[in-house]
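This one's a predicted model, so the numbers in the text were calculated from it and none came from an experiment. To find a chain, count down the sequence lines: A is the first, B the second, and so on, and within it residues start at 1.
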2 protein chains.
Amino acid sequence: MRIGQLAQLVGVETQTIRFYEQQGLLPPPDRQDNGYRVYTEKHGEGLAFIRRCRMLGLSLAEIHELQSYQDDPHQPCTAVNALLDDHISHVRSQITALQALEKQLVSLRASCNDDREVEACGVLAGISEGNMHQQ
Amino acid sequence: MRIGQLAQLVGVETQTIRFYEQQGLLPPPDRQDNGYRVYTEKHGEGLAFIRRCRMLGLSLAEIHELQSYQDDPHQPCTAVNALLDDHISHVRSQITALQALEKQLVSLRASCNDDREVEACGVLAGISEGNMHQQ
DNA sequence: TTAAAACTATAAAGCTACTATAAGGTCAAT
DNA sequence: ATTGACCTTATAGTAGCTTTATAGTTTTAA
């Protein structure tokens with residue numbers, strides 16, 4: 001399988017595949033005489049794993065860590081679970097922060113309507129006055 | 001006022017101030033004979049405005065847009081309100097996406113405990129099997 | 001058969017919003 | 001005279017790709 005076929009199979013761009021290889025997330029495949037990369041089914045699975053981790057919001061570094069666990073399959077999997085727990089709490093704190101932000105934005109928006117001039121805009125005034133309680 | 005004082009006043013690093021100037025968000029200040037930047041109160045207000053916008057999650061491009069409205073104070077402020085509305089809906093969709101992600105992560109986490117080997121880890125198996133409904 | 005289209009390769013730059021580092025000039029105090 | 005705190009510019013690094021440039025290869029259509 002050449003890079004274009006693998007890309008289509010998994011639903012990524014060819015450059016992304018080369019990028020993952022360069023980052024050490026995907027093992028370097030064999031090459032044809034012309035230098036073209038030749039991929040196996042294993043590569044397909046590896047790439048799909050990476051993509052699913054990315055969809056879960058894991059960083060490339062975290063994916064790398066998970067791969068290192070996979071390479072040593074007889075350890076206890078506590079580290080895997082811990083990584084996920086950390087990620088979950090990270091996601092939760094993002095949600096909390098965004099909810100607070102939304103509240104702030106909505107109240108700022110409520111301070112203006114569309115019938116004013118920029119000079120009297122409640123939104124701009126609200127930002128400029130800066131009665132913003134951090135975080 | 002020199003750059004260090006302004007930085008301390010507003011609570012940013014001096015490099016950040018130079019960066020904003022370079023990006024066209026902060027007007028270039030006068031210079032002393034030795035080349036040091038000299039800031040006025042106006043600069044302080046401008047910088048504070050930028051920082052408050054950043055705390056609200058606005059991008060530098062959006063801030064630039066707001067500044068362009070400020071420069072023309074007798075337009076109606078519909079564009080300002082529209083910018084904020086767009087930003088609010090952006091934040092809301094981020095929240096929704098993160099909540100869906102959290103659910104997915106929590107259910108993945110529930111598929112394993114710490115008493116297994118990596119080989120049998122429910123989390124890794126869950127990612128590899130890839131029963132993930134996109135988005 | 002040849003020419004265009006489609007694919008592959010590498011290397012380097014661009015994106016966002018800074019942060020950090022390097023190498024050096026200026027100024028006040030000791 | 002030198003230490004330390006401040007200022008200057010220029011450049012590189014961060015994350016995770018995407019884009020661009022330049023060039024070689026293979027496939028397809030005329």
Task: Side-chain heavy atoms of Cys77(A) within contact of Asn113(B), under 4.5 Å - done: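 Counting from C-beta outward, Cys77(A) and Asn113(B) never come under 4.5 Å.
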Task: Tyr20(B)-Arg51(B) side chain donor-acceptor pair, cut-off 3.5 Å - done: yes
Open item on the list: Run the side chain to side chain contact (heavy atoms under 4.5 Å, CB included) test on Arg31(A) and Val38(A) for me, step by step, so that the C-alpha distance in whole Å, both residues' side-chain angles and the decisive distance to 0.1 Å come before the verdict.
Closed with: CA-CA 6 Å; Arg31(A) 300 286 184 129; Val38(A) 186; 6.0 Å; no
Open item on the list: Among Leu47(B), Asp30(B), Ile17(B), Leu9(B), which residue satisfies the side-chain contact (heavy atoms from CB on, under 4.5 Å) criterion with Tyr39(B)?
Closed with: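 Only one option passes, and that is Ile17(B).
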Open item on the list: I need the residues from residues 82-94 of chain A with at least one non-hydrogen atom less than 4.0 Å from DNA chain C; give them sorted by number, or say none.
Closed with: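 Here the set is empty: none.
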Task: Pairwise 5' ranking along DNA chain D for Gln5(B) and Gln22(B), keeping only the more 5' one - done: Gln5(B)
TODO: Report the residue (Gly4(B) or Arg2(A)) whose heavy-atom-nearest nucleotide on DNA chain D is the more 5′ of the two.
DONE: Gly4(B)
Task: Residues Asp114(A) and Arg109(A) bridged, charged N to O under 4.0 Å - done: yes
- [ ] Kindly assign one of parallel, tilted or perpendicular to the pair His90(B) and His87(B), based on the angle between their ring planes and the thresholds 30° and 60°.
- [x] tilted
Task: side-chain contact (heavy atoms from CB on, under 4.5 Å) against Gln5(B), all qualifying residues, sequence neighbours excluded - done: Met1(B), Arg2(B)
- [ ] Quick one: pull up CD1 in Ile95(A) and CD in Gln99(A) and give me the separation to the nearest 0.5 Å.
- [x] 7.0 Å
Open item on the list: Test of understanding: clusters of I, L, V, M, F, W, Y form through side-chain heavy atoms closer than 4.5 Å, transitively. Do Tyr36(A) and Phe19(A) belong to the same one?
Closed with: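 Hydrophobic grouping puts Tyr36(A) apart from Phe19(A).
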- [ ] State plainly whether one hydrophobic cluster holds both Leu83(A) and Val106(B), where clusters connect Ile, Leu, Val, Met, Phe, Trp and Tyr through side-chain heavy atoms under 4.5 angstrom apart.
- [x] yes
For the side chain of [X] and the backbone of [Y], is there at least one donor-acceptor N/O pair under 3.5 Å apart?
X: Ser111(B); Y: Gly122(B); answer: yes
X: Glu62(B); Y: Ser59(B); answer: yes
X: Gln75(A); Y: Asp72(A); answer: yes
X: Arg52(B); Y: Ile127(A); answer: yes
X: Thr16(A); Y: Val12(A); answer: no

Distance in angstrom units between [X] [atom1] and [N] [atom2], rounded:
X: Ile50(B); N: dA17(C); atom1: CD1; atom2: C1'; value: 12 Å
X: Leu25(B); N: dA17(C); atom1: CG; atom2: C1'; value: 11 Å
X: Ile3(A); N: dT10(C); atom1: CD1; atom2: C1'; value: 12 Å

TODO: Describe, as an angle rounded to 10 degrees, how the axis at the first end of the helix from dT1(C)-dA30(D) to dT30(C)-dA1(D) is tilted relative to the axis at the last end, five pairs per end.
DONE: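 The angle separating the two end axes equals 30°.
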- [ ] For DNA chain D, find the residues of residues 32-43 of chain B with a heavy-atom distance under 4.0 Å and give them by number; none if there aren't any.
- [x] Gly35(B), Tyr36(B), Arg37(B)
- [ ] Return the residues of residues 10-19 of chain A meeting this criterion: a heavy atom under 4.0 Å from some atom of DNA chain D. Order them by number, or give none.
- [x]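 The stretch gives Gln15(A), Thr16(A), Phe19(A) as the residues lying under 4.0 Å from the strand, ordered by number.
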Open item on the list: Strictly below 4.0 Å: does Tyr20(B) bring a side-chain N or O up to OP1 or OP2 of dA17(C)?
Closed with: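 No, Tyr20(B) has no side-chain N/O under 4.0 Å of OP1/OP2 on dA17(C).
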Open item on the list: Between Ile50(A) and Val10(A), does the side chain to side chain contact (heavy atoms under 4.5 Å, CB included) criterion hold? Intermediate values first, please.
Closed with: CA-CA 10 Å; Ile50(A) 295 170; Val10(A) 181; over 6 Å; no
TODO: Give me the first and last nucleotide of DNA chain D, going 5' to 3', that has any atom under 4.0 Å from a heavy atom of chain A.
DONE: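 Footprint of chain A along DNA chain D, 5' to 3': dG16(D) to dT26(D).
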